[in-house]
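To start, the structure under review is shown below, and the notes come after it.
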Amino acid sequence: MTTERHLITSALPYINGVKHLGNLIGSMLPADVYARFQRGQGHEVLFICATDEHGTPAELAAAEAGVEVAEYCREQHEVQREVCARFALSWDHFGRTSAPANHELTRDFAAALDDNGFLETRTTRQVFSVDDDRFLPDRYVIGTCPNCGYDRARGDQCEHCTKQLDPTELIDPRSAVSGSTNLEVRDTTHLFLLQSRLADEVGDWVRSRDSWSPLVRSIADKWLKEGVQDRSITRDLSWGVPVDADRFPALAGKVFYVWFDAPIGYLGASREWADVDPAGRDWRRWWRLDEGADDVTYTQFLGKDNVPFHTIGFPTTIIGSRQPWKLVDRIKGFSWLTYYGGKFSTSGHRGIFMDDAAELLPSDYWRWFLLSNAPETNDSNFTWETFAGVVNKELAGELGNLVNRVGTLLGRHCDSLVPAPGPAGDPETQLEAAAEAAITAYLAAMADLEIRRAAQALRSLWSAGNVYLEQTEPWRLVKTDPDAAAGVLRRCLALLATLGRVLEAFIPDTAAVLAGVVPLDAGGPVTTDLLTRLDRALVTGTPAAFPPILFRKIPEEEVEAWKARFGGGDAGPASSD
RNA sequence: GGCGGCGUAGCUCAGAUGGUUAGAGCACACGGCUCAUAAUCGUGUUGUCGCGGGUUCGAGUCCCGCCGCCGCUACCA
């Protein structure tokens, strides 16, 4: 098997607070599964993520918290790093778009675009809040809608009558930041990226991507069809990547727009990764086609709302740079996880957030539920009832119980030592066939980035163990043929070792426990004959160390309690935030 | 308002390029087992594929209209 090289990124979580389960399953978790899988197959992986830190929301959140924005982001970055670690997210580096590496790269890209004639300085008129001493993005200007009279319409659109607005149309406009009515319309100068000039090239590139899913493709096509507009890539803010004043004197004191610097953060974070060990790590080998990245397969994981930025926006930046940067090969887009049919909401604090989830249950419970119900082709729904149902049935009832059954029987009849091999009959043949089929299906699903299908294959692998026990009935067999019964249990140990290896990508903590029952060398990639390989590797007489109950069941009272605590079905429709 | 998506068994969802009797899991029913966290294993029931038209030899799958739900509208996956 040749070693492949996989560059994997997950969408960058915004700095503003702990993410919810929708964010987790929408990109970070599936990216982690894919990275773990490819590593496990012996391939070379660079898995990168970072916090997206610039922009008005970060500034306002910092102000609300009463700290400097730089300090706020530093703190929040650590908070997110810590909570992500609790979900066993295995990125090689978790960087920051505010890091020097990203600042430099962002300015470099702007310079390259400028050299190639794709930037232009334009003057626009924007609302300025004198009391806040800042320009206000459209949505941060609030006033009375000229159309319907709603008194809290936003400057970009009235939420009540849905009319699209220009902030200057609002009656009695005021700042959403301070409430101040001391507003002016001022001229301001910004850099525009002339995307229209690159639209054809980007369109050709998009059409050359034949492996994108219908969801991703349709979104990209829609944007191309509507016409790619020139976009302003700078803002009148203080927190961000400063525009190079030597090159763009008219823009001194301004910063790049997050829309521009955030995706560059993938490169920036890779460079941060390399900076940790400059002698041993070469980030350009992953990103520059002229420096060794030509054999890299780049896979992005992201939510569907992010598709336009990754299919059109960022590729435009790269293509316009006329530099040989690696463009994305495969995009895995996700739909939404809903909470009782409504939207998860960060600002409305509706749904389950990662810190709360981590406090309630070990991460594998969440990982399994979320991955096996990932919103791949359609939105999928979270309810405490279905969550508890999946945990109780699949994890506790099937997988955990299987391990417990084997452990009890082995302790009772074999002193918890690996028994000698027994005879192989029909049940053994069936077990092997089932394991082969499950692993084959798993490998195929992973190759296609189909997370749910892969999860079903994994489930069928452990279910084969319960079927095998029912067929062989070692608790009964032991009375008539103890050696044969012991042989059955040896097979079970081989299956548990197989699970310990194959489950590593989805539920790594559990996999590690299973792999530790009878430590043996499970090296090499997951292959369809793994069960027989590991059976052969078992050494008769080796002690087996079984863990306590792997998964606890979630009783109905707890479901009710959590529903009450987090808001369940009675929570109204999603707030519009 | 515009754009996009969805509406398939009681529930949650699968069903590229239209093609034999529409699938899975859960739930439910019955049966087996009793080693196990009353767990597990087997068998089985359920559908005018939102409504109405149309194209076609043939449509859940394409087209039109309607109804209902949801999301986005460029700084939260």
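Everything quoted here is computed from the prediction, not taken from an experiment. In what follows, chains carry the letters A, B, and so on, assigned in the order in which the sequence lines appear, proteins first and then strands, with residues in each chain numbered from 1.
Distance A:N381 CG to B:rC13 P: 5 Å, rounded to the nearest Å. When the C1' atom of B:rU37 is taken as reference, atom CG of A:L399 falls 12 Å away, rounded to whole Å. A straight line from CG of A:L431 to P of B:rC41 spans 14 Å, rounded to a whole angstrom. Between the NE2 atom of A:H413 and the P atom of B:rC35 there is a distance of 8 Å, rounded to whole Å. Remark: P of B:rC33 and CZ of A:R476 are 7 Å apart, rounded to the nearest angstrom. A:N378 places its CG atom 8 Å from the C1' atom of B:rG5, with the value rounded to the nearest Å. Per the geometry, OH belonging to A:Y339 stands 18 Å off P belonging to B:rC70, to the nearest Å. The CG-C1' distance, from A:L302 to B:rA74, rounds to 16 Å in whole Å.
Separating the C1' atom of B:rU43 from that of B:rG7 is a span of 32 Å, rounded to the nearest Å. With C1' as the reference atom, B:rC30 and B:rU45 are 11 Å apart, rounded to whole Å. Look at the P atom in both B:rG2 and B:rU8: the space between them is 26 Å, to the nearest Å. Taking atom C1' on both nucleotides, B:rU40 is separated from B:rC72 by 46 Å, rounded to a whole Å. One C1' atom belongs to B:rC57, the other to B:rC67, and the distance between them is 32 Å to the nearest Å. Comparing B:rG19 with B:rC63, their P atoms are spaced 15 Å from each other, to the whole Å. B:rU55 and B:rG65 have their C1' atoms separated by 15 Å, given to the nearest Å. When the C1' atom is compared between B:rA9 and B:rA16, the two are found 24 Å apart, to the nearest whole Å.
Closest to the side chain of A:R412, from the set B:rU40, B:rC35, B:rA77, is B:rC35. In the set B:rA14, B:rU12, B:rC35, the nucleotide with an atom closest to the side chain of A:R405 is B:rC35. Comparing B:rA77, B:rC75, B:rC13 by their nearest atom to the side chain of A:W259 picks out B:rC75. Among the nucleotides B:rC75, B:rA14, B:rC13, the one closest to the side chain of A:V258 is B:rC75. The A:T377 side chain lies nearest to B:rA14 when the options are B:rU37, B:rU40, B:rA14. The side chain of A:L409 lies closest to B:rC35 when the candidates are B:rC35, B:rA36, B:rC13. In this structure, the nucleotide among B:rC75, B:rU37, B:rA39 sitting nearest to the side chain of A:I549 is B:rU37.
Note on A:T383: nothing from the nucleic acid sits closer than 4.0 angstrom, heavy atoms only. Across all strands, A:A11 comes closer than 4.0 Å only to sugar-phosphate atoms, never to a base (heavy-atom distances). The residue A:F551 sits close to a base: some heavy atom pair falls under 4.0 Å. Residue A:L337 is in base contact, counting any heavy-atom pair closer than 4.0 Å across all strands shown. Contacts of A:N373 with the nucleic acid, taken as non-hydrogen atoms under 4.0 Å apart, are absent. Note on A:L24: nothing from the nucleic acid sits closer than 4.0 angstrom, heavy atoms only.
For RNA chain B, the stems formed by at least three consecutive Watson-Crick or G-U pairs, with both atom-pair distances below 3.5 Å, span B:1-7 with B:67-73, B:10-13 with B:23-26, B:28-32 with B:40-44, B:50-54 with B:62-66.
Salt bridge status for A:E470 with A:R405: present, with a side-chain N to carboxylate O gap under 4.0 Å.
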query = Which nucleotides of nucleotides 25-32 of chain B have their base under 4.0 Å from a protein heavy atom (B), which only their sugar-phosphate (S), and which neither (-), written as one string 5' to 3'?
reply = SS-----B

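No donor-acceptor pair under 3.5 Å is formed between the side chain of A:W462 and the backbone N or O of A:G400. With hydrogens and angles disregarded, a donor-acceptor distance shorter than 3.5 Å links the side chain of A:R490 to the backbone of A:P419. With hydrogens and angles ignored, the 3.5 Å screen pairs no side-chain donor or acceptor of A:D481 with any backbone N or O of A:L477.
Put simply, A:N16 has no side-chain N or O that comes within less than 4.0 Å of OP1 or OP2 on B:rC76. A close approach under 4.0 Å does occur between a side-chain nitrogen or oxygen of A:R452 and OP1 or OP2 of B:rA14.
Checked against side-chain hydrogen bond (donor to acceptor under 3.5 Å, both in side chains), A:T234 has the following partners two or more places apart in sequence or in another chain: A:H190. Taking A:R459 as the reference, A:E394, A:E398 meet the side-chain hydrogen bond (donor to acceptor under 3.5 Å, both in side chains) condition, with sequence neighbours excluded. By the side-chain hydrogen bond (donor to acceptor under 3.5 Å, both in side chains) test, A:Y72 is found to be paired with A:N16, residues two or more places apart in sequence or in another chain being considered. In this structure, the side-chain hydrogen bond (donor to acceptor under 3.5 Å, both in side chains) partners of A:K332, at least two apart in sequence or on a different chain, are A:E376.
Side chain A:T408 to base B:rC35: no donor-acceptor pair is found below 3.5 Å.
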key: Worked verdict on A:W91 versus A:F94 for ring pair (Phe, Tyr, Trp, His ring centres under 6.0 Å)   = CA-CA 6 Å; A:W91 34 59; A:F94 185 53; 4.6 Å; yes

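The aromatic ring of A:W475 sits over the base of B:rC35, with ring centres less than 5.5 Å apart and planes inclined by under 30°.
For A:E75, the CD atom sits in a packed shell: over 12 heavy atoms of surrounding residues, nucleotides or ligands are nearer than 6.0 Å.
If A:F301 and A:L550 are placed on RNA chain B by their nearest nucleotide, the residue sitting closer to the 5' end is A:L550.
Aromatic ring pairs are classed by plane angle as parallel below 30°, tilted from 30° to 60° and perpendicular above 60°; the pair A:W384 and A:F382 is perpendicular.
Judged by a 6.0 Å distance limit and a 45° cone about the ring axis, A:R235 is positioned over the six-membered ring of A:Y257.
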